[in-house]
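The structure appears below as structure tokens.
Every value quoted in this text rests on a predicted model; they were computed, and no experiment measured them. The sequence lines fix the lettering, A, B, ..., with proteins before strands; numbering per chain opens at 1.
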There are 2 protein chains.
Amino acid sequence: MHKPAPNNSLKTACSTCNLRELCLPVNLSNIEITRLDDLITRKGVYRHGSILYRSGDKFQALYAIRTGFFKTQILNEDGREQVTGFQMAGEIIGMDGINSDTHTCDAVALEDSEVCEIPFGRLEDLSRELPPLQRHLHRILSREIVRDQNIMLLLGSMRAEERLAAFLLNLSQRFAVRGYSPTSFQLRMTRQEIGSYLGLKLETVSRALSHLQESKLINVRNRSLEILSLSGLQTSMGKRAR
Amino acid sequence: MHKPAPNNSLKTACSTCNLRELCLPVNLSNIEITRLDDLITRKGVYRHGSILYRSGDKFQALYAIRTGFFKTQILNEDGREQVTGFQMAGEIIGMDGINSDTHTCDAVALEDSEVCEIPFGRLEDLSRELPPLQRHLHRILSREIVRDQNIMLLLGSMRAEERLAAFLLNLSQRFAVRGYSPTSFQLRMTRQEIGSYLGLKLETVSRALSHLQESKLINVRNRSLEILSLSGLQTSMGKRAR
DNA sequence: TAAGATGCTTGATATATGTCAAAATATACA
DNA sequence: TGTATATTTTGACATATATCAAGCATCTTA
């Protein structure tokens with residue numbers, strides 16, 4: 001665990017990447033994408049448990065996840081920890097660092113993962129030249145704001161089982177967009193990480209999963225999860241206000 | 001309540017605005033600021049209770065608060081509501097709308113307020129010409145992300161009284177930056193709005209305030225709040241994990 | 001200025017989730 | 001491959017916060 005991050009890096013081509021419809025190059029022409037290629041480098045594999053960046057690190061780049069799975073978390077002074085997100089291929093992380101030129105959370109690989117490094121200064125330069133890139137960068141930043149506010153809604157107003165249902169539906173939908181099964185997937189994180197993300201204790205997560213299973217909405221065995229009724233989960237999410 | 005928004009608008013000058021060190025023009029030269037002046041219009045007064053924008057509205061502009069106080073809130077399908085923030089002079093709202101060209105929350109004036117409208121397309125154009133403006137826009141977006149993640153920490157890991165303490169300290173600090181007393185101010189929102197923001201019921205907010213008062217950390221009477229010990233509040237915020 | 005509506009506080013009680021503990025299972029590593 | 005470690009489940013019990021209710025204070029507006 002926590003092996004040092006690899007140093008070797010190689011040129012990447014957004015132009016040939018199968019995530020380009022999902023990732024940074026959205027809405028760019030082929031010529032524009034080759035401009036992006038110039039500034040992005042692929043970093044070697046981050047092994048399970050290794051740290052992409054840490055709170056306090058100087059901010060220099062955004063990272064596009066090429067393969068794998070990450071979590072981001074903040075720790076406050078007294079050691080309290082909060083998982084702020086789980087990120088998968090095609091998603092972009094590191095935006096917390098732009099404000100103060102310093103990262104404010106840790107990003108940890110939850111499985112062996114590859115990322116593309118996007119030096120932020122150069123991205124800003126290029127996005128002044130390419131309006132569609134500028135526009136998309138703004139959308140990505142705004143999307144993160146909207147995402148966070150929906151988690152606030154979840155944390156502030158839903159009960160345990162609803163939070164779990166919302167979490168599973170969110171994962172499902174993101175897997176679907178990537179061409180994976182929306183109803184059958186592996187959880188990449190522990191119950192305690194899910195709990196931290198959802199503002200619950202791990203025992204509560206475990207019980208809520210068991211209960212959803214009793215209700216025939218899911219099958220769960222360790223990290224393998226099968227959704228038996230997407231619509232059932234949906235309704236279990238919105239049943240009553242707290 | 002909910003008076004229609006005023007239609008009259010007039011030219012504004014960031015150059016002569018006393019909030020320019022706090023607001024959008026940060027780090028711009030005088031010449032650059034006059035470029036900003038060109039695209040910003042001041043909208044008339046939004047009366048207490050009136051709505052600046054609503055979830056579902058087409059996104060066209062960001063708004064800088066010139067005077068007054070707003071709340072933003074999201075409502076999910078089943079009518080559950082979550083206050084996602086309270087905004088004061090010099091702060092910028094509307095960034096939720098960039099992602100999908102549609103606002104995803106409501107912004108409501110909590111007292112009579114004035115805002116400056118910043119058409120977003122023109123802001124993007126100008127920020128391609130002025131790197132310091134581009135940079136600052138990115139910082140503002142990132143700051144919002146960091147802010148939201150800190151609220152996630154609060155909602156996910158603090159108990160009622162700690163949340164209240166964190167909330168009051170945050171207000172205090174923002175008043176201080178604006179030259180107001182950090183220890184004596186008016187709450188602009190109801191207990192129920194505070195509760196929604198903090199993921200608590202209004203009765204719990206009321207009890208927690210009473211208890212902080214018993215502990216001699218604050219004096220509160222209706223909406224007037226006096227902080228008796230900033231450091232005491234600070235420690236009451238970080239006592240134990242949940 | 002009066003009257004209704006809204007907001008706030010406090011008490012009694014209910015309940016969802018946390019805490020502690022133990023056993024079962026899975027995973028990592030020597 | 002076997003052993004130690006980490007993760008997960010489940011039960012019993014504790015507790016923080018929600019819920020319900022009543023009375024009072026404050027604001028709004030006629």
> For the pair made of NE2 in B/His211 and C1' in C/dG11, what is the distance, rounded to whole Å?
Replying inline: 16 Å

> Once you round it to whole Å, what is the distance between P of C/dT27 and CD of A/Glu111?
Replying inline: 14 Å

>> Using the side-chain heavy atoms of B/Lys201, tell me which of these nucleotides is nearest: C/dA16, C/dT19, D/dT19.
In response: D/dT19

> If you measure from CG on A/Leu198 to CZ on A/Phe167, what distance do you get to the nearest 0.5 Å?
Replying inline: 6.0 Å

>> Checking A/Thr72 against A/Gln87 for the side-chain hydrogen bond (donor to acceptor under 3.5 Å, both in side chains) test, could you report, in this order, the C-alpha distance in whole Å, the side-chain angles of both residues, the deciding distance, and whether it holds?
In response: CA-CA 8 Å; A/Thr72 47; A/Gln87 296 84 12; 3.0 Å; yes

>> Base contacts versus sugar-phosphate-only contacts with protein, heavy atoms under 4.0 Å: please encode nucleotides 4-11 of chain D as B, S and - from 5' to 3'.
In response: ---SSBBB

> With a 6.0 Å cut-off on ring centres, are A/Phe86 and A/Tyr197 close enough?
Replying inline: yes

> Between atom CD in B/Glu161 and atom C1' in D/dA16, what is the gap in whole Å?
Replying inline: 12 Å

> In terms of ring plane angle, is the pair A/Tyr53 and A/Tyr63 parallel, tilted or perpendicular, where the classes change at 30° and 60°?
Replying inline: parallel

>> Rounded to whole Å, how long is the line connecting atom CD of A/Glu162 with atom C1' of C/dT15?
In response: 15 Å

> Are B/Glu91 and B/Arg147 ion-paired here, with the side-chain N under 4.0 Å from a carboxylate O?
Replying inline: no

> Between atom CG in B/Leu200 and atom P in D/dT19, what is the gap in whole Å?
Replying inline: 12 Å

> Would B/Lys58 and B/Gln60 count as having a side-chain donor-acceptor pair, cut-off 3.5 Å?
Replying inline: no

